[in-house]
Every structure is written in C-alpha cells, then in structure tokens.
Amino acid sequence: MQSLQVYNSYTRQKESFVPIVPGYVGMYVCGPTVSGESHLGHARPFITFDVIYRYLMHLGNKVRYVRNITDAGHFEEEGREAEDKISKKAIIERLEPMELVQKYTNLFHWAMRQFNNLEPSIEPTATGHIVEQIEMIKKIIAEGYAYAINGSVYFDVKKYAEKYPYGKLSGRILDDLLESTRDLENQEEKHNWQDFALWKAAPPEHIMRWESPWGEGFPGWHIECSAMSTKYLGTQFDIHGGGMDLLFPHHESEIAQSTICNHRVPARYWIHNNMITINGKKMGKSYNNQIRLTELFTGDHPLLAQAYSPMTIRFFILQTHYRSTLDFGNEALQAAEKGLRRLWEAHLALQKMNWVAGGPQNAELDQKIRRLLSGLDESMNDDFNTAKTMANLFEIVPTINSIKDGHIQSGSLAEDTFMQLKKYFTDYLENILGLRDESGAEHSKLHGVLDLLIEIRKDARSRKDYVTSDKIRNQLQQIGILMKDEKDGKMSYSLE
RNA sequence: GGUUCCGUGGCCGAGUGGCUAGGCAGAGCUCUGCAAAAGCUUCUACAGCAGUUCGAAUCUGCUCGGAACCUCCA
C-alpha cells in the first residue's frame with residue numbers, strides 16, 4: 001500500500017509524509033481570532049485539520065496538535081489607525097476586551113463541539129505568551145534582522161531576502177509586490193514598505209498593552225504563531241496548517257521570523273485548505289457575505305432555505321477535497337443532508353448485523369468489497385482525499401442494504417471480509433471522518449415510548465387495522481419521527 | 001499590474017493519457033395493505049478552438065469566463 005502522501009504548499013508537490021521522529025507528529029494550525037463569531041468559512045480548516053489529526057492518529061502516530069487562540073487583536077490597517085480590532089469592538093459592545101475575547105472563545109469552543117472536532121492537545125493564547133514573543137523579537141534584533149524605532153520593531157524583509165528565499169511559500173517575488181497606494185501613517189518609520197511589524201508601540205487610547213524593552217505596546221500579527229509553535233513543537237516540526245489566505249503574508253512572515261530566530265525553516269510540511277465560496281466569491285468579512293454558524297444551525301438567514309445540522313455541514317465539507325474551493329448552496333447542503341442519512345443508516349444497520357455462515361459464496365462480491373475497503377486507505381493516503389473516501393463508502397452501501405433486506409446473505413462474503421467491513425465502517429465514519437449520530441439517541445425514555453408505539457402498531461397491522469397503524473405513523477411523522485416497515489416484518493424509526 | 005489556481009452532466013463534486021467516480025435530483029421496474037426506505041436498471045459531462053498522441057476531461061498553445069493572494073482574513 002502506498003504510504004501517506006501530502007501536498008506540501010512549500011514545495012508545491014505531493015511528498016511522502018515522514019515525521020521528523022517516526023511515530024510522533026507535531027502539528028500547528030492557525031486558530032481563530034476571537035473578536036467575532038465564527039462563520040461557515042471558519043468551519044472548514046478546523047474540520048479539515050480535525051480529520052488530518054484523526055487520520056494521523058489512526059496511522060498509529062502520537063500527535064501533538066497545537067491550535068492557537070488569537071486574542072490579542074491585530075490592526076485593521078497596520079499603522080493607519082492605532083486601534084486594535086478587539087479594543088474597537090469592545091468599545092462598541094461596552095465590554096472589557098478580555099470579556100469579549102472570552103465570549104467568542106466560548107462560542108468557538110461550542111461550535112467545535114457541535115462539529116465533533118477533537119480538542120487540540122494545546123490551545124495557547126497570544127495574550128498568554130507575550131513574554132515568549134518579546135524574547136523572540138529580541139533574538140531577531142540580536143541577529144540583525146529587525147530594528148526598533150519609536151517604540152516599534154520591524155522585521156527587515158529586504159535584508160532577509162538577500163540571503164533567504166523570501167516568497168518561496170507564497171510564490172511571491174519581492175519586487176512584484178504591489179505597493180500599497182494608501183497613505184499609511186508611520187510608514188516612514190519603516191526602512192522599506194515590505195517590512196512588517198514585530199512589535200507596535202501602543203498609542204494612549206489603546207487598551208491592550210504590555211511593557212516591553214521598546215516601551216508599552218503589543219505584538220505584531222505574525223509573531224505569536226512563531227513563538228508558540230516554537231515553544232510547544234520545537235524549532236522545527238512536521239506540519240503547519242491553515243487557510244490558503246494565510247499563505248501571504250502571515251505564513252511567509254512566520255517562516256522569515258523563525259528562520260532568523262531558530263536558524264531553520266519552522267515546518268516541513270505546509271498544508272493549506274481552500275476557501276468556501278458563496279456565489280463564486282470567498283466568504284469573508286471583506287465581502288460581507290458570511291453566514292454565521294449559529295445562523296446555519298438555526299436556518300435564520302436570508303440565504304438559507306432551512307437549518308443545517310453540524311454533521312450535515314461536516315459531511316458537506318468533507319465531500320470535497322480540502323484543496324478545492326467549495327461553493328455554498330442550499331441544493332448542495334440538502335444533498336449532503338440526505339447523503340449523510342443514507343450513509344449513516346447503512347452504518348447503523350451494518351453494526352447490528354452478524355455474519356451467518358451459509359448461502360452460496362460470492363467471490364466476485366467479496367473481491368469487490370475488499371477492493372473498496374482498501375480503497376479507503378488509499379484515498380486517505382493520497383493527500384487526505386476524503387471526497388474519494390466517501391465515494392467508496394457509498395459504493396459499499398448497496399451491499400449492506402441488500403444484506404439487511406435479505407437479498408444477499410452475509411455468508412456470501414467471507415467471514416473475515418464481513419468483519420473487516422464492520423470495522424472499516426466504524427473506523428472511517430466515526431473515528432476518521434468524525435461523524436456521529438444526531439438523532440438524539442440520548443433520550444432513552446423516548447425510545448421506550450417508541451418501542452411501545454411500535455408494538456401497538458404491529459398489533460393493529462396484524463388485525464389489518466390500517467386506520468390505527470397509519471394514524472400512528474402519520475402523526476409521528478408530523479413531529480419529525482419516521483417510522484418504517486422493514487422487509488423482515490420489523491419496524492424501525494429515525495428521529496429527524 | 002504581478003503571482004497562483006480553476007472552468008466536469010439539472011445541482012454539488014472526484015478523477016491527470018486508454019478502465020464505472022460518488023452524492024442529490026429525474027425516469028422505469030421490483031418489494032410493500034399503503035407510505036417511506038431499500039434493491040435493480042437508466043438519461044443528461046468534461047468552457048471553446050487548434051495541436052501532440054494509436055488514443056485526451058487528463059499534455060501543449062491560444063481564446064473566453066471565474067477565483068484567490070499581493071490589505072484584516074480560515
């Protein structure tokens with residue numbers, strides 16, 4: 001079997017994934033800025049990297065997954081208005097900055113739980129690592145690649161580019177960068193306009209501020225990731241991930257800072273997920289076209305035809321390869337909802353089945369199932385192709401349903417194939433893709449009531465009292481419970 | 001303007017030289033008291049033009065259309 005291949009943004013090609021220390025993987029993913037509510041676009045990287053995290057563990061690795069919380073705030077426009085995004089919003093909402101940050105952090109964590117994302121190993125905050133950031137800036141100054149001026153510190157991009165491949169990650173050529181036409185205050189402080197801030201002096205009205213060797217201020221917007229990834233994963237680690245929109249300047253700057261400070265490129269594999277678009281345009285604050293997660297879950301948004309559950313969204317996202325754009329649309333979401341139900345019901349049915357010897361062996365079918373199962377691993381190993389993986393799972397569904405309906409005997413498969421089938425479905429659906437039941441299975445009393453209704457309905461049907469049996473089924477349907485008559489005379493139900 | 005990427009059937013979306021993608025929707029049949037679900041069968045593709053090749057959705061060139069980044073951004 002082909003080993004795990006990963007598309008590395010840094011080299012622009014697929015490469016075999018080999019951890020620095022075999023069996024151990026360090027992964028850093030850029031987390032949310034908690035100055036506002038998460039939208040659909042934010043869901044993608046965290047679901048994508050959750051699956052990557054799960055799959056790396058599935059392969060037997062011990063993974064340290066670090067995902068930061070950016071709670072220090074960055075500039076809307078660096079240098080123009082000395083107003084921190086977070087402190088600005090705080091004034092509007094009349095909240096303490098940390099109160100605001102706490103509120104959106106809580107909301108973010110809530111959303112992550114809705115999506116069934118595993119918690120990262122470490123979730124460091126920018127405000128909790130001011131000391132580490134200052135230390136790093138000091139080192140960069142000592143190396144001669146940064147300069148302090150008027151209480152701010154800037155990274156000397158031009159000098160760096162003379163010796164190191166600045167722009168390699170983002171495919172940028174320094175001279176080709178479009179010079180900003182805006183009038184920026186404090187621009188004259190910089191030696192070159194490409195230089196970026198490591199530390200910014202805080203004007204008096206700025207609420208978030210810390211003491212530093214250069215005066216009171218706050219960290220620039222790339223240094224936190226460099227400082228925290230170095231602290232928790234070392235000077236060089238395996239994977240650095242995030243959205244494609246972070247390639248430049250964020251990750252390019254991280255590489256520059258870390259390279260000077262630690263004398264090596266920080267991460268070996270750079271993985272970037274593509275954007276979610278809406279009407280062909282990236283969903284983002286610049287376009288003012290976001291659909292917040294809370295709106296998605298409730299359906300309360302003009303663009304939404306209905307509410308979509310967290311698992312529907314997870315499924316929707318994973319049905320596309322992470323490096324492709326994914327276009328939002330009600331039809332697509334509804335297709336995902338139905339597809340998920342079909343897949344999940346087959347999974348539930350499969351787990352209840354047992355292999356029973358007997359019936360004619362079907363070698364061809366057995367081969368096909370085995371081929372599809374190994375295709376699951378192959379697809380995931382091919383740069384985490386969850387779209388292909390899910391297509392494979394769907395191809396197995398008719399066989400599962402045929403066994404369930406008695407069209408095929410479980411014994412027509414080899415016992416080992418059947419057991420593998422059950423194992424793979426659980427591994428892939430629950431452990432790797434991270435899907436879970438949303439039917440409200442926790443209401444055990446409800447299940448008792450439904451079992452009673454099933455009994456009554458069975459009695460009614462046996463007396464050909466279809467008025468009663470239809471009444472039970474129809475009224476349950478009205479409150480969102482589907483009762484189905486199965487082939488074997490049993491009844492099943494599913495909660496919407 | 002620079003850099004990069006994309007254009008697949010009604011919708012979403014895999015696939016990078018020859019072999020069925022898959023999901024949703026549509027059509028037919030089977031099963032069923034009915035319904036739903038399910039099973040089987042089935043229709044609609046590779047933006048356009050030219051080239052390379054025995055053979056291209058897949059490689060090359062051009063044209064048209066769209067996007068991302070270059071500014072906070074997942």
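Letters A, B, ... mirror the listed sequences (proteins, then strands); counts begin at 1.
A cation-pi contact, defined as under 6.0 Å to the ring centre and within 45° of the axis, is absent between A:R461 and A:Y466.
In this structure, A:T277 reaches neither bases nor backbone, as no heavy-atom distance under 4.0 Å exists between it and the strands shown. Residue-level contact check: A:K281 touches the backbone only, with heavy atoms under 4.0 Å from sugar-phosphate atoms and none from bases. At the heavy-atom level, A:L326 lies under 4.0 Å from the strands shown only through sugar-phosphate atoms. Among the protein residues, A:L247 comes within range of no part of the nucleic acid, since none of its heavy atoms lies under 4.0 Å from any strand. Here A:Y466 lies in heavy-atom contact (under 4.0 Å) with a base.
Spacing of C1' atoms, B:U58 relative to B:A68, comes out at 24 Å, to the nearest Å.
Under 3.5 Å, the side chains of A:R314 and A:N117 contain a donor-acceptor pair of N or O atoms. Donor-acceptor pairing under 3.5 Å is lacking for the side chains of A:Y154 and A:N192.
For the pair A:D485 and A:R473, the salt-bridge criterion is met [side-chain N within less than 4.0 Å of a carboxylate O].
For the pair A:K282 and B:C69, the criterion of a side-chain N or O lying under 4.0 Å from OP1 or OP2 is met. Between A:N385 and B:G15, a side-chain N or O to OP1/OP2 separation shorter than 4.0 Å is present. Contact annotation: A:Y287 side-chain N/O to B:A74 OP1/OP2 distance is not under 4.0 Å.
When the shell of 6.0 Å around CD of A:E486 is examined, it contains more than 12 heavy atoms from other residues, nucleotides or ligands.
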Practice prompt. Going 5' to 3' through nucleotides 20-32 of chain B, assign each nucleotide B (protein heavy atom under 4.0 Å from a base atom), S (under 4.0 Å only from sugar-phosphate atoms) or - (no protein heavy atom that close).
Written response: -BSBSS-----B-
Worksheet entry | Pairing annotation in dot-bracket form, given for RNA chain B with Watson-Crick or G-U pairs under 3.5 Å and | for cross-strand partners | (((((((..(((.....[...))).(((((.......)))))....(((((..]....))))))))))))....
